[in-house]
> 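Submitted below is the structure of interest, expressed as structure tokens.
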Amino acid sequence: SSDKIDSRGALIVLEGLDRCGKTSQCGRLHSYLEELGHAVELWRFPDRNTGVGQMISSYLANKSHLDDHAIHLLFSANRWEKRSLMESKLRSGTTLIIDRYSFSGVAFSSAKGLDVEWCKAPEAGLLAPDLVVYLGISPEKAAERGGYGGERYEKLEFQKKVVESYKTLCDDATWKILDATLPMEDVEKQLRQIVMDCVLTCRKGKPFSELWQ
Ligand code: TMP
């Protein structure tokens, strides 16, 4: 189900380990595009503001316990509940910058030992990003940055597994890998360039596509 439309927004996803600098870069990118006069919104997953998002938040804070499959499906449901809004925003010309998406879903759950194909299945049919930027950093370096907030997944041993899972997902042309250990301003510059290319391509009417179908 893909169709060509004029002047749509771009779906841009940033991915990476906890403490890779993703959230700061998303914020800077958002301000930059806004200053240039683009229609742009900054989203994040999990979106903790919905009912499902609150269940996820309580799980991440270790305030509730859920079966690994169950929490995986909640993360996925949290994306599905935003799918139609996402599509209408993009169609109306708004670019979306998203802090984590289905790739986090698959990388984190499969790092627990769940089957990768099983993890991908509920994500199929969500909108595919036009660009995925992976902010690469070793788990050791990320841990040195401090500020692991004590949420469920913020542990070095687990992050080492997550990095391996991400590696199996990034063999796609829509992925761009940046060195997240460079000074923040350098990462920001590289990011801007990649993103502007993508925004222009989408504006020219690049068709939508869907994940993993
Ligand atoms: P955050 O710190 O970016 O809010 O993400 C919370 C944690 O949830 C982070 O450790 C990554 C993890 N996560 C998943 O396990 N599955 C998902 O689908 C998403 C979006 C995040």
Side-chain angles (χ1 to χ4, degrees), residues 11-30 41-83 85-86 96-129 132-139 141-143 145-170 175 180 211-212:
L11 180 55
I12 295 160
V13 170
L14 270 75
E15 287 282 356
L17 293 180
D18 291 295
R19 305 302 301 157
C20 69
K22 217 168 14 60
T23 304
S24 310
Q25 292 295 346
C26 281
R28 288 169 173 235
L29 181 60
H30 178 241
E41 288 184 18
L42 177 54
W43 287 21
R44 68 179 309 136
F45 289 110
D47 177 342
R48 302 185 192 217
N49 299 312
T50 70
V52 173
Q54 283 164 23
M55 291 173 73
I56 294 170
S57 191
S58 141
Y59 171 83
L60 289 170
N62 290 303
K63 289 184 185 143
S64 64
H65 296 278
L66 289 168
D67 173 82
D68 290 342
H69 303 80
I71 184 64
H72 181 78
L73 295 174
L74 288 179
F75 273 114
S76 183
N78 189 228
R79 285 182 278 279
W80 276 102
E81 60 185 346
K82 304 305 286 284
R83 191 202 182 286
L85 183 61
M86 185 180 272
L96 301 177
I97 300 166
I98 315 216
D99 188 344
R100 297 195 183 284
Y101 195 54
S102 303
F103 314 98
S104 283
V106 177
F108 281 75
S109 291
S110 68
K112 295 170 166 177
L114 299 190
D115 177 71
V116 174
E117 293 310 314
W118 188 91
C119 291
K120 283 182 173 179
E123 308 294 323
L126 288 171
L127 289 177
V132 183
V133 179
Y134 180 80
L135 296 187
I137 187 170
S138 72
K141 277 235 168 91
R145 290 183 168 182
Y148 269 169
E151 277 204 331
R152 190 178 284 263
Y153 299 142
E154 296 180 337
K155 297 188 182 77
L156 180 58
E157 286 315 305
F158 187 67
Q159 300 280 321
K160 285 185 189 168
K161 292 183 184 155
V162 174
V163 113
E164 292 309 311
S165 308
Y166 267 127
K167 279 184 193 160
T168 67
L169 296 172
C170 68
W175 282 65
L211 279 178
W212 296 325

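Numbering of ligands and ligand atoms starts at 1, following listing order. One-based numbering along the sequence shown.
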> Would the number of heavy atoms belonging to other residues, nucleotides or ligands and lying under 6.0 Å from CE of M55 be above 12?
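Open: at most 12 neighbouring heavy atoms sit under 6.0 Å from CE of M55.
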> How far is atom 4 (O) of ligand 1 from the closest protein heavy atom, and which atom is that?
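Of every protein heavy atom, R48 NH2, 3.0 Å lies nearest to atom 4 (O) of ligand 1.
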> Would you tell me which option among H72, K22, R44, R79 has the nearest heavy-atom contact to atom 18 (O) of ligand 1?
R79
> From atom 14 (C) of ligand 1, work out which of F75, F45, F158 has a heavy atom at the shortest distance.
F75
> Check this for me, if you would: do K63 and E151 make a salt bridge, where the nitrogen-to-carboxylate-oxygen distance has to be below 4.0 angstrom?
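Result for this pair is no, no salt bridge flagged.
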> In Å, rounded to the nearest 0.5 Å, how long is the span from CZ of R100 to CD of E15?
6.5 Å
> For atom 10 (O) of ligand 1, what is the closest protein heavy atom, and at what distance to 0.1 Å?
D18 OD2, 3.1 Å
> Quick one: which ligand 1 atoms are inside 4.0 Å of a heavy atom on Y153?
10 (O), 12 (C), 15 (O)
> Return the residue, atom name and 0.1 Å-rounded distance of the protein heavy atom closest to atom 3 (O) of ligand 1.
R100 NE, 2.9 Å
> Do the side-chain N and O atoms of S109 and D68 include a donor-acceptor pair separated by under 3.5 angstrom?
no
> May I ask whether E154 places a heavy atom under 4.0 Å from ligand 1?
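The answer is no, since E154 has no heavy atom less than 4.0 Å from ligand 1.
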> Which of the numbered atoms in ligand 1 are under 4.0 angstrom from any heavy atom belonging to G105?
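This gives 16 (N), 17 (C), 18 (O) as the contact atoms.
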> One residue to check: T23. Relative to ligand 1, which of side chain, backbone, both or neither has a non-hydrogen atom less than 4.0 Å away?
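Looking at T23 and ligand 1, no heavy atom falls under 4.0 Å.
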> Any ion pair linking K167 and E164 (charged N to carboxylate O, less than 4.0 Å)?
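Salt bridge between E164 and K167, a charged N being under 4.0 Å from a carboxylate O: yes.
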> Record the part of S109 in heavy-atom contact with ligand 1 below 4.0 Å; permitted values are side chain, backbone, both and neither.
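No part of S109 comes within reach of ligand 1.
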> For K141, is the NZ atom crowded, meaning more than 12 foreign heavy atoms sit under 6.0 Å from it?
no
> Are there over 12 heavy-atom neighbours, none belonging to K160, within less than 6.0 Å of that residue's NZ?
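Result for NZ/K160: enclosed.
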